[in-house]
Every structure is written in C-alpha cells, then in structure tokens.
Amino acid sequence: MTVDPTLLDDLEWRGLIAHSTDREALRDALTQGSVRFYVGFDPTAPSLHMGNLVQILTARRLQQAGHTPFALVGGATGMIGDPRDSGERTLNSLDTVKEWVGRVRGQIEPYLDFEGANGATMVNNYDWTASLSTIDFLRDVGKHFPVNRMLARDVVKSRLEAGISYTEFSYILLQSMDFLELYRQYGVTLQFGGSDQWGNLTGGAELIRRAEAGKAHAFATPLITKSDGTKYGKTEGGALWLDPEMMSPYAFHQFWLNVEDAKVGELLRVFTFFSRAEIEELEAVTAAEPFRRAGQKALADAVTTLVHGEAETEHAKAAAAALFGTGDLAGLNAATLAAALREAGTIQAAPGTSYVDLLVETGLVKSKGDARRTIAEGGAYLNNERITDVDLVPDASHLVAGSWLVLRRGKRNFAGVEIG
RNA sequence: GGCAGAUUGCCCGAGCGGCCAAUGGGAACGGACUGUAAAUCCGUCGGUGUAUGCCUUCGAAGGUUCGAAUCCUUCAUCUGCCA
C-alpha cells in the first residue's frame, strides 16, 4: 500500500493538528507505510454532531492517503462517561447506550471505505471490556496509571472542587485500554481525537509503551469555536446534529451559509475536501467581496453534500432561494413555494386560526406571550410583510400558492402553514 | 458513622418572613446598521388577551405563619472537617 507523503503537511495546513506526540516520529510513521489508526465515538446522544464530523472527516483524509481506519464506537466507554467541566454525568441505561451505538455506527459508515487493502474496520469496545474482571483490570491496566498524574489533568483538577465520581475519574483507563487492545489485536499505532481528548490519547500511547514497550502515536484536532471563543451550535436548536431527523438538511445548510466571514477559511479547511488552491481562492474572493459570500456558499454546499447528499443540498438551496430571493412570495409558483416551505418546516392548520396561535404551533415562538412580544418588537412577518396587529386572523386573502401562509420570525426563521 | 455548609430561572450568581416572578452578569431572542456576516447601539428575556388578577417556579415532600425562595421537619445530592 503506497501512502501519500504529503498527508501530514496537508493536515497541518488545515489546522487539524492541535497537539501531537513526537511530530517527527509521527511524520516518519505516516510516510513509511499504511498506518493502522483509530478514532473513537462515544454514544452520548442519539446522533453525532459537528464536533464529531471533524474526526470523521479526518479519518477519511487519512484513509484517502492510504492509511487504515478502525472506527470505534464506545459501547463500554459510553456506559461510563468522559469527565467534563460542567459536572457529573447522568448514567444512561444499557438499552439506551445500545440503541445509540447502533445509530452512531450507521452515521460513521458512509464516510469510510470498507473495501480494499486499507478498508476500514468497525469495532466496539464493549466487546473486550464487558467480560473483563475487576481484578484483571486493576492488575493489567490500573497498575500503569499513577494517580498523582491523573489528578494533575485539567478536567480532573477542575472537578476536584465540585466533585468527581470514581467512575468518571477512571474513564481514561478504559480509553487507554482500548488503544492497547487495538494495538495488540490489530497493530493499531495511531489514535486521534478532539483536543479535549488529549489526555486520553496520550494515556493510551503511554500504556502501550509501559505494557508492551510499543511505540504509538497520537494527535488531537482543535476545538472548533466561533471567533469570540465560544462553542458553535449553541444557537436556536442547540447542537449541530448530523441526523436529518434531528436537524433538517435545510437548517444544516443554513448554518454553514451564515458562518461569519472571519471563520470561513478555517471551516473550509477543516470540513471540506477542497484543495489548498481552491480554498485560498475562495478566501481571496471572500475577502475582496464579502457581500457575495462565496466562501460561505461553497462551504454550505460542500458540507451539506458530504453529510446529506447532493439531492438534499439542492433542495436546501432551492428553498433558500425561494424564501430569501426576491422577497416576493406571490411571484413564486405553487410547487416551488410548497417545496421550499417543506424544507423549512410546515404545519397544517384550520381556517380562522389566529396569527399568534400559528406562530406558537409552528414552533417559531415558544408561547403566546412570546408571540405577542415578537409582534410588538417588530420581528413577526406574514408572507414577508411585518405584522403589527396582535389580533390578526389570516383569511383567504393572505393565502399564497393556493393554501399556504408563510410565517417568519426575525430575519431568517421561516415556517409554512397549510390551511385546510 | 458524627459535625458543619451548600442546592435559586438556559448558565453563573444575589436574595435570607411581606415591597420577590425573584437584583446583576453572560447566553439567547427581536430591532437598527449590513451581506440571511462580524462588531456596535437599542429593546426583550416564567405562563395566561390583559386582569391593582390568576397559575407555575427558588433540590423533593410535609409543616409553622394572615403571608415563605427566605423559619421548622424528613428525604436526596454535593462540599468540607472529624472518626
């Protein structure tokens, strides 16, 4: 298997390597032959999100460069929970974790190639953890972990005041053991993950060194944040889910389209497979003519296509064009408008339902009080016209494209209502 | 096992018997400006069609009181000290 010797340079250029073990040793390993590597995903929710996508796409980059992926779903680690600053997690039931394992697995598979010389392998750490005895675990794994070093980790330090259970404190042993297990079973010598995983990554590499006198590598991808340093995905619906049931392809596409100028280049490098030349061109165009948002459009189209496919991307684009285009909804043909609204989200309602109730029913606002407040603030629209009358009851004269009402809250939150 | 302290709205954090739906900050949301950006400024930020109203909220359940987030009891969780 020949490998692409420029891989590491490309990863570095894309900003995908926030930390790594000995960089030169890593470079040597990645240029000498196909490296078996792994990246893990814990089933902590019914769907993966934007943060996980960074790992998935990075795995794909490595595979395309000739390396061999092992994608791990954390059936075991998901039962325990990685410690986080916000406090102790609530344990999920075995049934819940099992269900999420299945979903997460299905979300990873489309991005990797399971055929060929460097075909990917799916593993579940539940397989080698479930039957492990406590005594064996403590003797074989625990012995290699100095508690003083574990206490010095940032996450643990931050939790010492508020409290941390032994369960979460031990998480690093499980993840480290995974690396050791994959090293023994498959010869896996590289693990990567998000930068918040750095301690777990090096923990595994060190365990391999201590237990097997083996040489293993690790690197961490950066945390993707907004330019003010806060996390992405905290707007409106919460996280940026990959599951189309949890976040529509339209909403997903809209998210990328609305990314701030200052972040377009970084996101293009991390989330797309455009070449360096293509990305630099897009950055130049965005800098010169920011109002055209060429970078955002390319980003939104590329990522949505990766995650949801070409057809969904076209639907999302068409919907956006219809809703944001000229603003003249009456000028659209019925099929176009109906299709656009279905992307944005629609409900059915009976004739004579008040505008306030419609806002609530579409979910654009969370209560009638919120709806009235929004109208008072001038943030409520019907068919792209601002509504000022709190008591408005839409009638037949408001219908567009036959039986539709187009509700909007704020600048860009649309919902369709089909009257009938 | 004993003693002490903590638990407030999305988050942080005041309040310590009535003036508390509960100060303040952040987040979020709406408006203005723009490009369906960023920054900035202004406004909103428990529910209820409009009532000096009513309902739900200050870890949970009871209780004291004309009246409790504020006092008492029990329970849960967390923290510290002592065994």
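Comparing B:G13 with B:A69, their C1' atoms are spaced 14 Å from each other, to the whole Å. Rounded to a whole angstrom, the distance from the C1' atom of B:C41 to that of B:A51 is 35 Å. Here, B:U74 and B:A27 have their C1' atoms 37 Å apart, quoted to the whole Å. On the P atoms, B:C12 is 26 Å away from B:C19, given to the nearest whole Å.
Using N1 to N3 plus N6-O4 or O6-N4 for Watson-Crick, or N1-O2 and O6-N3 for G-U wobble, each under 3.5 Å, B:C81 pairs with B:G2. Using the Watson-Crick or G-U wobble rule with both distances under 3.5 Å, B:A39 pairs with nothing in any strand shown. Base pairing analysis places B:U64 opposite nothing; no Watson-Crick or G-U wobble pair with both distances below 3.5 Å involves it.
Distance OH (A:Tyr381) to C1' (B:U36): 12 Å, rounded to an integer number of Å. When the P atom of B:G35 is taken as reference, atom NZ of A:Lys411 falls 10 Å away, rounded to whole Å. With rounding to whole Å, A:Ile375 atom CD1 is found 17 Å from B:U44 atom P.
Closest contact between the side chain of A:Arg409 and the listed nucleotides B:U34, B:G30, B:U36 involves B:G30. The side chain of A:Phe324 lies closest to B:U36 when the candidates are B:U44, B:U36, B:A32. Picking from B:G35, B:U36, B:G43 the nucleotide with the shortest atom distance to the side chain of A:Glu377 gives B:G43.
Contacts of A:Ala376 with the nucleic acid, taken as non-hydrogen atoms under 4.0 Å apart, are absent. Residue contacts shown for A:Val264 are absent, as no nucleic acid heavy atom lies under 4.0 Å away. Counting any heavy atom pair closer than 4.0 Å across all strands shown, A:Arg386 reaches sugar-phosphate atoms only and no base atom. Looking at heavy-atom distances under 4.0 Å, A:Phe414 makes no contact with the nucleic acid at all.
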> Passes side-chain contact (heavy atoms from CB on, under 4.5 Å), A:Leu341 versus A:Glu418? Steps please.
Replying inline: CA-CA 10 Å; A:Leu341 290 174; A:Glu418 188 166 26; over 6 Å; no
Measure all distances between protein nitrogen or oxygen atoms and nitrogen or oxygen atoms of nucleotides 45-48 of chain B, and list the pairs falling under 3.5 Å.
| from | atom 1 | to | atom 2 | distance (Å) |
| --- | --- | --- | --- | --- |
| B:G47 | OP1 | A:Ser367 | OG | 2.9 |
| B:G47 | OP2 | A:Arg373 | NH2 | 3.2 |
| B:U48 | OP1 | A:Lys368 | N | 2.5 |
| B:U48 | OP1 | A:Gly369 | N | 3.4 |
| B:U48 | OP2 | A:Gly369 | N | 2.7 |

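One finds a side-chain N or O of A:Asn413 lying less than 4.0 angstrom from the OP1 or OP2 phosphate oxygen of B:G30.
A salt bridge is absent between A:Arg184 and A:Glu181; no separation between the charged side-chain nitrogens and carboxylate oxygens falls under 4.0 Å.
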